[in-house]
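All values derive from a computational prediction rather than experimental measurement. Naming convention: chains lettered A, B, ... in sequence-line order (proteins, then strands); numbering from 1 in each chain.
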Number of protein chains: 6
Amino acid sequence: MFYHDGGKLQYPVKVEKPNPVFARALQQAIGGIQGEIRVCLQYLFQAWGSRGPTKYRDMLLETGTEEIAHIEMLCTAVALNLEGAPTEQDEAAKDPMIAAVMGGMEFQHVLTTAMAAMPIDSSGVPFNCSHVYASGNGAADMLANAMAESTGRMLACQLYKMTDDPGMKDMLKFMIARDIMHQNQWLAAWEDMGGRSNHPIPKKNR
Amino acid sequence: MFYHDGGKLQYPVKVEKPNPVFARALQQAIGGIQGEIRVCLQYLFQAWGSRGPTKYRDMLLETGTEEIAHIEMLCTAVALNLEGAPTEQDEAAKDPMIAAVMGGMEFQHVLTTAMAAMPIDSSGVPFNCSHVYASGNGAADMLANAMAESTGRMLACQLYKMTDDPGMKDMLKFMIARDIMHQNQWLAAWEDMGGRSNHPIPKKNR
Amino acid sequence: MFYHDGGKLQYPVKVEKPNPVFARALQQAIGGIQGEIRVCLQYLFQAWGSRGPTKYRDMLLETGTEEIAHIEMLCTAVALNLEGAPTEQDEAAKDPMIAAVMGGMEFQHVLTTAMAAMPIDSSGVPFNCSHVYASGNGAADMLANAMAESTGRMLACQLYKMTDDPGMKDMLKFMIARDIMHQNQWLAAWEDMGGRSNHPIPKKNR
Amino acid sequence: MFYHDGGKLQYPVKVEKPNPVFARALQQAIGGIQGEIRVCLQYLFQAWGSRGPTKYRDMLLETGTEEIAHIEMLCTAVALNLEGAPTEQDEAAKDPMIAAVMGGMEFQHVLTTAMAAMPIDSSGVPFNCSHVYASGNGAADMLANAMAESTGRMLACQLYKMTDDPGMKDMLKFMIARDIMHQNQWLAAWEDMGGRSNHPIPKKNR
Amino acid sequence: MFYHDGGKLQYPVKVEKPNPVFARALQQAIGGIQGEIRVCLQYLFQAWGSRGPTKYRDMLLETGTEEIAHIEMLCTAVALNLEGAPTEQDEAAKDPMIAAVMGGMEFQHVLTTAMAAMPIDSSGVPFNCSHVYASGNGAADMLANAMAESTGRMLACQLYKMTDDPGMKDMLKFMIARDIMHQNQWLAAWEDMGGRSNHPIPKKNR
Amino acid sequence: MFYHDGGKLQYPVKVEKPNPVFARALQQAIGGIQGEIRVCLQYLFQAWGSRGPTKYRDMLLETGTEEIAHIEMLCTAVALNLEGAPTEQDEAAKDPMIAAVMGGMEFQHVLTTAMAAMPIDSSGVPFNCSHVYASGNGAADMLANAMAESTGRMLACQLYKMTDDPGMKDMLKFMIARDIMHQNQWLAAWEDMGGRSNHPIPKKNR
C-alpha cells in the first residue's frame, strides 16, 4: 500500500536561472535507461515478485518508493528550468544564441507538454519498460541494482558538471549522496546473500 | 513525497485455483495501454507538470498514488496464478491439455522472471511511456483520464468474465468499483472546469 | 473503398522563407502522438471495428479520410521548408547561425530522406501504432477522439506561434479551424450517445 | 486529396466459419512489416517526398490509396473471424479444444478491442513507422517496393494455405492477384528508370 | 577485424525430434534481453568505446566474437526444431493437439521467415538495442556483464529443463558451461579492477 | 564460427579535427535503418535461415562478417570525433558557437557513454531488430540487400559531403567503395537466381 504527501518534496528544488537545454539533459535522469523511472519500477517489480526473505523485499519496496520522490524532484526541476524558454521561431531567426538554445531544447517540451517534464530520455525517446530487470534470482537482481545505481550516479555527477545553477547543484548533490547510499546497500545485500559465492548463478546447475 | 506500508495490500488478493493463462490475461491490466502503469504515471506526470489550481493537482497525486497500489495487487495476483504452472515441455508433449495451457501462457513468465509479473501487456509487449498523456491543458487531460478509466474498467469487467476463481472475482470487483469512482471523478473535474464550455481546446484561438 | 485526386491538396500549401528547424517542429503534427497519422488510423480502425449505428461509422470514415489529406499537406510543408537547407558541416563550422540551424534540424531529413518528411515526431521517434485507440465502446472512443483533436489543436496553435511565414500561418489557420470542427463533432457524438449518462463505461457492470 | 465510399469494400469479404486463431494470423497482413499499413504509408510518403517525374508520383499515390482499401478488407475479415470466439476462461478449463483456441488467439482481440482488428502483427507487436522506407532515390524506393510486395504476397499465399474457409480463400485470391500486379509494376518502374544501370545508387559518386 | 568459418559451428547442433513450441522458447536466448544478441553487441560496444587497459578490451572483443557463434548455434537450433511444423489451420481444426502446438508456436516462424529464427524474443518482440549497456566505466560494465551472463545462464538452465531432446540437451549443456566461464570471467575482471573498492562508482565524486 | 583480430581495423580510421556534431551524424551509419548493424544482422540471419545453395549462404556469412568490421570502424570514428567535446553547459552559456555545438550533439554521448558510440541512429533512437529482413525467399532477400546497400551508400556519400576532415573523408571513401561492391554483388546474385524471372515472388502461386 502506498501514500503520498503532496505538500512537500523529499528535498527542496530551486532554480535560479532557468535553462531549457539543461531541462533536456535532466530528462535522461527521468526517462533514461539509467534514470529514476527505471530503478523505481525495477525495485518495485523485484519486490512484488520476491519469494525470498522479507528483509530484502522490504528494502526493495522502501527504495522503490523513494525513487518515486526522485522522479517528482526531477520533474519539478525540468518545469522550473523551462520557465521563460523561447517558444517563437522568429526570435530565434534574429538571434543565433536563441536559435542555439532552441536547437538544444527538447522540442516536445514546447510542442507536447506546455513546458513540463515527460517520461523520455535526453534524446526524446520514451522509457520502455523492458529495462525493468527482475529475474527472480535475488543475487542477480542485486548486481543489476548496483549497476543501475552506478550508472545513475555517473549521470548525476555529469549533470552536476553541466550546470552552474546553485539550486540545481544543491539538488544533484543530494541525489548523488542517495545514489552512493543505494549503491552500497545493494552491494551489501549481494554480499549478505553470499557475495562471490552466489556465482555462478543459478546455483542449481541444471 | 511518497511512503509505503509493505505489510499490507490496498485490498486482499487470494487465488484458489492458480491459472497461468489467466496470469497472462492479467498482464494487460498491468502493462497494457489501458492498464495501471499507464494511469499511475499519467496522473503523476500531470500533477508534476500542473500549474493550475492545487485541488486538481492533489487529486492527481492522490489517485496516481492509489494506482501504484493497484499495480501491486495485480502483480501479486499474477504471481499467485503462476503457482505450480507447467514448465516442462515433455509433460506438454504427452498431454494436449498441458500443451494448450503452455500455448496460452506468457512464455516469459517461465523464461525471464521465474514466475512473476512483468511490466508487459497480454501480448508480451513492454509498456512504452509514450502513452503517458499530459498536455498541460487540464480539461484535455481530464478527458484523457476519463477515457483511460473507461477502457480500464472495460478490461476489468472482461477479466471478471474470464475467471471463475472466487478470489480473483473478489479482487476485480474491488478494482471495478474504484474505476467507476475514478471515472466519475475525472468527468466531474472536467465539468467543474467548465465542461463542454472548455471546448474547443485550447481556449485562446491562436 | 478509397480514392484520391493527385492533382490537388485539400488546401494550398505555400512557404515563403524555408526554415529547416520549423520543418522539424512540423514533424510533431505528422508523427507525434497528437499528430495526423494517429487520428487518421484511429478513426479508420474505429470505423472498421464498429458494430453500432452506421451514422457514427460514416463520420469516422469521413474524418479519417480527411486526415490523410492533412498528412499530405504537412508532408508538403516539410519538404518546402527543407528547400536549400544547409547540408555541409564545414559551412556550419564557420558560422554559428548555420551551426545553430543544423543543431536544430532533424538530421534524418538530410541523412535518410534527401529532404522529405518522415512518419516521425519532432524528436525523431517513429510513430508507434499502439497509439491507435479503438476500444469497441463508442462513447469511450468519442472521448479519445475529442481529446486527440484537443491536443492536436494545441499543437497547431503552438506551431502557428512559432512561424512568421505567411504561407505556413495560412495553412495552420485552416488546420486549426478543422480541429475545432472535429473536436466539436466528437463531443456532439458523445452527447448524442447519451453524454454524461454513458458513464461509467461500460454500462453493463459485470 | 482523398475520398472514400463507405458503402462498399474494394472486394467483398465473407467468412463462413469464424476462426479466431486465423484472425490472429491475418493481423500479420495488417500490422506486420510485410503488411498493408506498411506499404500504404510507404507509397504515400514516397509520393509526398517525390521531386521526380509525376508519372511515378501518381503511381505511388494510386497504389498507396488502394492499400488503404486492403487494410479495410483485412480489418473486416478479422472482425468476421472473431464472431462468437470463446471469451470465458472457465469454458476453456473444461475443454482442451477451447483452451487450444484461446491459446492461439490474440488476447487483445478479447481484452482491448471487443473483437476488432488492431494495427499489430501476429505476435501482437504494434506497427512501427520506422518501416516506412522512402529514401528520396526513385530506383532504390522501387526496389524497396518490389521487395515489400514480394514478401506481402508470400504472406498472402501462406495465409491462403492456412484456411479452408471459402470466403477467406476468395478474398486472399484477390489480394494475391493485386500483389502480383503491384510487384510487376514496381519492377517495371525500376526498369523504366534504367534498371540495372541505376546502380550503384546513388549515381553521383560523391 | 573479424573473420568466420562457414564450414562449422562452435559446437555441433542436432535435433532428434523437432518441436516448434521449443523453437519459440529458444527465441528468448537469441533476441531476449538476457539473450545472445544483447551480450554480443554489449561486449563489442564496450570494447570499441574502451579507453582503459587493453587486456579488458581484448577480453571483451574475444567474448563478443564468441557470442556471434552462439547466436549462430541457436538460429540453427530454431530452424531444426521447425522442421515439419504444422502450417495448415485446417489440420489444426481437426486435431486439438495440432491446434495446441500452433497456439504455442511463434506465428511469425510460419508467416514471416518460412521456418527460420528471427532476432525476437519468445513473445515475438524484436530485440531493441537500448539494452546494449556500455557506460564507459569498466567496473560498472563488468557488473552489467556478470548480471547478463547470470540471467543468460538461468535461461539456458530453464530451457534445458523444458526439452527432452538429446541434441538440444547437449547443445544447452555446452552453452551453460560457457555462461559459467564468462560469468566468472567478468566477476574476476571486476575484482581485478578493485572489486568492492571500485564503489561507489564513479570514484571521483563530482 | 567467428574469429577476430583485435590488433587492427579493416581500414585505418583517423580524425584530424574532432567534431562532436559529425559524431552524431555518423551514428546514422551505425544504428540507422540504413546502417551497418542492420545489414550485418540481416545478412547473418539470412545465412542462418538459408536452405538454398551454399554459395549464397557463404556470400551472406562473408559479407555479414565484414559488416561487423564496419561497425567497428564507425564506432572508432565516433569516439575520435568526440575527443575534447564540450561537456559543460556554462561554457555554452557564454559562447553561442559552443551552445550550437552542444545543441547539435547527441546528448547521450556525454550523459550515457562517456564519449563513445551507441547502437542508435542520428536522432538517438536505438536500432530495432525488426529491420532485419529475412524472408526465406532468396530472390526477395537479394532485393532487400541491394536496397539496403543502396541507401547505405547514399548515407555514406552524404556523410562524405558533411565533413572536410581528411581522415573521415578517407574512411568514407573506403566504405563507399565497399557499398558499391556489395550492391553489385547482391544484384548479381538476384540475376544469377533468375533476375526478373524470379518474379512474381513466390513462384508457386498458392
Side-chain angles (χ1 to χ4, degrees), chain A residues 1-11 30-31 37 40-42 44-51 54 57-62 64-69 71-76 78-79 82 112-120 125-137 202, chain B residues 1-11 30-31 37 40-42 44-51 54 57-62 64-69 71-76 78-79 82 112-120 125-137 202:
Chain A
M1 184 59 178
F2 295 80
Y3 310 92
H4 81 288
D5 173 349
K8 67 176 209 295
L9 299 172
Q10 185 189 14
Y11 189 86
I30 296 172
I37 294 177
C40 171
L41 290 175
Q42 182 160 301
L44 294 177
F45 273 81
Q46 285 178 9
W48 295 328
S50 141
R51 288 169 169 79
T54 61
R57 193 175 168 289
D58 295 342
M59 194 186 288
L60 287 163
L61 281 174
E62 189 64 36
T65 306
E66 177 177 357
E67 306 296 5
I68 311 174
I71 307 173
E72 185 176 42
M73 289 166 64
L74 287 160
C75 288
T76 307
V78 166
L82 289 168
T112 300
T113 61
M115 301 304 188
M118 298 173 74
I120 59 177
V125 177
F127 181 68
N128 176 310
C129 289
S130 59
H131 286 274
V132 174
Y133 289 177
S135 69
N137 179 296
Chain B
M1 186 58 177
F2 294 80
Y3 310 91
H4 82 288
D5 173 348
K8 66 174 208 292
L9 300 173
Q10 184 189 12
Y11 189 85
I30 296 172
I37 294 177
C40 171
L41 291 175
Q42 182 160 302
L44 293 176
F45 273 82
Q46 285 178 9
W48 295 328
S50 141
R51 287 169 169 80
T54 61
R57 194 176 168 287
D58 295 341
M59 195 186 290
L60 287 162
L61 281 174
E62 189 63 36
T65 306
E66 177 178 355
E67 305 296 5
I68 311 173
I71 306 173
E72 186 175 42
M73 288 166 64
L74 286 160
C75 288
T76 306
V78 166
L82 288 168
T112 301
T113 61
M115 301 303 186
M118 298 174 73
I120 58 177
V125 176
F127 181 69
N128 176 311
C129 289
S130 60
H131 286 275
V132 175
Y133 289 178
S135 70
N137 179 296

Donor + acceptor pair across side chains of S130(B), N128(B) (<3.5 Å): yes
Selection from A134(A), P126(A), G136(A), G49(A) maximising heavy-atom pairs under 4.5 Å formed with chain B: P126(A)
Residue part contacting chain A, namely of F45(B), when any heavy atom lies under 4.5 Å: side chain
Side chains of E72(B) and Q10(B), donor plus acceptor under 3.5 Å: no
Shortest non-hydrogen contact between G31(A) and I37(A), atoms and distance: CA-CD1, 4.4 Å
Residue among G64(B), A116(B), C75(B) with most heavy-atom pairs under 4.5 Å to chain A: C75(B)
Pairwise side-chain contact, L61(A) with F2(A), heavy-atom cut-off 4.5 Å (strictly under): yes
Residue pair Q42(B) / V132(B): nearest heavy atoms and the distance that separates them: CA-CG1, 3.5 Å
Interface moiety of I120(B) toward chain A, non-hydrogen atoms closer than 4.5 Å: neither
Heavy-atom contact with chain B under 4.5 Å, split by part of M115(A): both
Check: L82(A) and T113(A) side chains under 4.5 Å, non-hydrogen atoms: no
Among E62(A), Q46(A), E66(A), residue most engaged with chain B (heavy-atom pairs, under 4.5 Å): E62(A)
When I30(A), L44(A), I71(A) are compared by non-hydrogen pairs under 4.5 Å with chain B, the top option: I71(A)
Heavy-atom pairs under 4.5 Å with chain A, option from S135(B), C129(B), A117(B), A47(B) with the top count: C129(B)
